[in-house]
There are 2 protein chains.
Amino acid sequence: MKRPSEKSQAAVTMRDVATQSGFSPATVSIVLNNAPLARYIAPATKKRIEDTAKKLGYRPNAMARFLRSKRSHSVGVLFFDITDPFCTLIMRGVENALYQASYLAIFADAHNQRNRFERYLELLLERHVEGLIVVANWLFVDIHVLADLSKRNIPSATIGWELPGNNISSVMVDNETGARLALEHLHQLGHRKIAFIRGPKMLIDSAPRWRGIQKFAHGAGLEIDPALVLQLPESLDPNSSFESGYRYTEDLLEQRKKFTAVMAFDDLTALGAIRALTKAGVKVPEHCSVTGFDDIALSSLAAPSLTTVRQPMEAMGALAVNIVMDGINAALEKRDWNVVNQKMNPELVIRDSTRAVSLTGGDD
Amino acid sequence: MKRPSEKSQAAVTMRDVATQSGFSPATVSIVLNNAPLARYIAPATKKRIEDTAKKLGYRPNAMARFLRSKRSHSVGVLFFDITDPFCTLIMRGVENALYQASYLAIFADAHNQRNRFERYLELLLERHVEGLIVVANWLFVDIHVLADLSKRNIPSATIGWELPGNNISSVMVDNETGARLALEHLHQLGHRKIAFIRGPKMLIDSAPRWRGIQKFAHGAGLEIDPALVLQLPESLDPNSSFESGYRYTEDLLEQRKKFTAVMAFDDLTALGAIRALTKAGVKVPEHCSVTGFDDIALSSLAAPSLTTVRQPMEAMGALAVNIVMDGINAALEKRDWNVVNQKMNPELVIRDSTRAVSLTGGDD
DNA sequence: TTGTATGCGTTATCAC
DNA sequence: GTGATAACGCATACAA
């Protein structure tokens, strides 16, 4: 049982340290912040002040400091949907980079809801975040948000998507290269009849990945059978692609299409596909190879573990922070800064779900 | 390219709204906050003020407001390790409950590092969070943190662990019941030779789960073969139990022990076990059933999908928020409030990794 | 080398 | 019904 009376231990303020140590608040401020003028303060004074501060358990009041200095030392990080499996690592990357810079990340989760997104944006602005990072792969945001973001001159970066018009910095994986890597891998393993499960139209990643596939196919003389090309439906639930991958693959099998590999849009789709294949008695990778995209945490643990294209999530988060911090510093130093649209290199991770096509064993 | 000059659009303040609308700052404050005194303000005045506020795009300055009102409208949420798979849903639960209460969650990730934990704690206190939630399942924190937390009279709750001494509220799953549910399920399916992979000693969940197992075994006359009882090693990496589950099960198989089921400490361990079994040609669930604990996102997607005991993570997060909010409100209203140590009911989720023991087919 | 005074944007207590 | 005014805790220009 807590008595409210216990609560009345008033916070110790700078003035307290000042009176206790016998100096003025100004001097205390200078010393404790190690401000430029601290150079001229007598060492003995410094020590006295620091000691009493520690003795009294002085803790600076961030609100007051921010109000005065106009700097909140925080960066807002707005996620469209935090349950999307790749968010965790992005958070890590972002948080870590901000921590190095002595900034605090303020994470917000829009639950894929437009009004929630806007509400949180407002909240973050009220709290005067010095920078903003927006994480999403959905394109359902319309131009208003763009206007919002670029109008308020606060350094921003997006991760996993781009706004049209190049007004805002972005960090994305190089989807085209990633798709090429995966397809190249399958091709090298001898696969020629490959089923493709493309991403939903609404996802910004879908088009470039498909482009990567087409370009490689064209270059390598690989034929893409339109009957083996499917496209995921639009959905707001980031975890729904497992179900879709499962169902689509099931359909493919029922139609007795021949293929020796499935190249799925992302890892969840791939895992769904594997599940359908396995259930139908088609062994992965013996009878059919499967590739994913993302390298979410599950992929290495799945059975068979998934060959996939890794997005460097942590690095992407860190890079976004660097971009934003550069903007912040630029404004401080009254420098110009540039909008950058960076594509990061993906990495092919070869695991157990792909294998050279066997001459004897076959498609179901 | 951003010109710093663009930046110089000074934020519009309450005073601006006041002068523009022709009223005093005091009146503006009363109107915009819908304070009690707003009752006495002429409707026309209200409208004028609200209109000009909107026209100017006035946004209240949270720092100033907090400095004055002493209320930050935020709650700190300190995770020991955010990559632990169950953190995402806890975040959801916490964030959602706080959102309802118009509070902002400030998430921090200690990376399992003591100094980082303390640094973030300090940061949160500097920012005057009104409440604190600490999420962990590791017990490596020593008494100092306890002292820290309960000394600074700020309403707090822990999720997934308890501090000795009952000084701080906590929300945990009822581990004993959960373990009983899983074992009961296996028992009902006819399993009698069951291998157990216990949790590491350092984890607070380990002991009660084992107790649940023992109690049920005793009550049901089920014999526990000590040769089939293993214990996970201590580890700071929340994702390492997959590897351990794999290795331990492999060992068990190599020693040609007979068992028809594996009851694993958690889902990752269970998935590791399944992987080992499958690799050795032991089919799950035909030849061997496996159960987990937690119901992390992977578990429903794995092949076979995992029978497990679900921890109601979101609900646990929400409950922690309610506890903390009650503390906050109690302090505001100068009421007393109670430390509560709540155990939430787990739920058995039956999926494809368990099956009635077959009379014909057998262990390995 | 240190102290005084002022203001950041708000809210709350009074007075009118 | 509305307007002065003070104060929250800190940082800084300027004075000493």
Side-chain angles (χ1 to χ4, degrees), chain A residues 8-50 52-53 56-73 125-130 332, chain B residues 8-50 52-53 56-74 125-128 130 332:
Chain A
S8 53
Q9 42 156 25
V12 30
T13 150
M14 207 169 79
R15 202 194 313 281
D16 298 335
V17 179
T19 51
Q20 273 284 325
S21 66
F23 293 92
S24 78
T27 312
V28 173
S29 172
I30 290 169
V31 170
L32 293 183
N33 291 307
N34 213 355
L37 279 73
R39 283 168 31 75
Y40 307 116
I41 305 275
T45 306
K46 281 191 188 173
K47 184 156 168 33
R48 266 261 289 297
I49 289 178
E50 277 158 0
T52 52
L56 297 184
Y58 168 70
R59 197 194 327 278
N61 180 326
M63 314 301 178
R65 177 179 291 183
F66 297 164
L67 180 58
R68 175 65 226 227
S69 68
K70 305 275 203 189
R71 306 202 45 200
S72 69
H73 273 269
L125 293 172
E126 282 180 8
R127 288 181 186 236
H128 286 221
V129 291
E130 297 182 43
L332 246 57
Chain B
S8 54
Q9 43 156 24
V12 30
T13 151
M14 207 169 77
R15 201 195 311 281
D16 298 334
V17 179
T19 51
Q20 274 284 325
S21 67
F23 292 92
S24 78
T27 310
V28 173
S29 172
I30 290 168
V31 169
L32 293 183
N33 290 307
N34 213 356
L37 278 75
R39 283 168 32 73
Y40 307 118
I41 304 276
T45 307
K46 281 190 188 172
K47 184 156 168 35
R48 265 261 291 296
I49 289 178
E50 277 158 0
T52 50
L56 298 183
Y58 168 71
R59 197 196 327 280
N61 181 326
M63 314 303 180
R65 177 178 289 181
F66 297 164
L67 179 58
R68 179 63 226 220
S69 68
K70 305 278 203 187
R71 305 202 45 200
S72 69
H73 273 268
S74 53
L125 293 173
E126 282 180 8
R127 287 178 189 240
H128 285 220
E130 297 182 43
L332 245 57

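By convention in this document, chain letters (A, B, ...) are assigned in the order of the sequence lines, proteins followed by strands, and residues within each chain are numbered from 1.
Taking 4.0 Å as the cutoff to heavy atoms of chain B, we find the contact window on DNA chain C bounded by C:dG9 to C:dA12. Taking every nucleotide of DNA chain D with any atom under 4.0 Å from a non-hydrogen atom of chain A, the first and last of them, 5' to 3', are D:dG9 to D:dT12.
A search for side-chain hydrogen bond (donor to acceptor under 3.5 Å, both in side chains) contacts involving B:Ser24 returns B:Thr27, not counting sequence neighbours. Legend: residues meeting side-chain contact (heavy atoms from CB on, under 4.5 Å) with B:Thr19, ordered by chain and number and at least two apart, are absent. When the side-chain contact (heavy atoms from CB on, under 4.5 Å) test is applied to A:Lys46, the partners found at least two apart in sequence or on another chain are A:Val31, A:Ala38, A:Ile41. With sequence neighbours left out, B:Lys70 forms a side-chain hydrogen bond (donor to acceptor under 3.5 Å, both in side chains) with no residue at all. Listed by chain and number, the residues in a side-chain contact (heavy atoms from CB on, under 4.5 Å) with B:Leu37 are B:Ile30 (sequence neighbours excluded). Taking B:Ser29 as the reference, B:Asn33 meet the side-chain hydrogen bond (donor to acceptor under 3.5 Å, both in side chains) condition, with sequence neighbours excluded. In terms of the side-chain contact (heavy atoms from CB on, under 4.5 Å) criterion, residue partners of B:Glu130 (sequence neighbours excluded) are, by chain and number, B:Arg71, B:Ser72, B:His73, B:Tyr103, B:Ile328.
At least one side-chain heavy atom of B:Tyr58 sits under 4.5 Å from a side-chain heavy atom of B:Leu32. At a threshold of 4.5 Å between non-hydrogen side-chain atoms, the residues B:Asn61 and A:Glu126 do not count as touching.
The CZ atom of A:Phe23 sits 5.5 Å away from atom CD1 of A:Ile49, with the distance rounded to the nearest 0.5 Å. One finds the CE atom of B:Met14 at 13.0 Å from the CG atom of B:Leu56 (value rounded to the nearest 0.5 Å). Rounding to the nearest 0.5 angstrom, the gap separating the CE atom in B:Met63 from the OG atom in A:Ser69 is 8.5 Å. Distance check: B:Arg59 CZ to A:Arg127 CZ gives 13.5 Å after rounding to the nearest 0.5 Å.
Using a 4.0 Å cutoff on non-hydrogen atoms, the parts of residues 23-50 of chain A near DNA chain D are A:Ala26, A:Ser29, A:Asn33, ordered by number. Residues of residues 62-70 of chain B having a heavy atom closer than 4.0 Å to DNA chain C, listed by number: B:Ala64, B:Arg65, B:Arg68.
Nearest heavy atom pair, residue B:Ser21 against residue B:Thr52, reads CB-OG1, 3.4 Å. For B:Ala11 against B:Asp16, the heavy-atom pair with the smallest separation is O-OD2, 4.0 Å.
With axes fitted over five pairs at each extremity, the angle between the ends of the helix from C:dT1-D:dA16 to C:dC16-D:dG1 is 40° (10° resolution).
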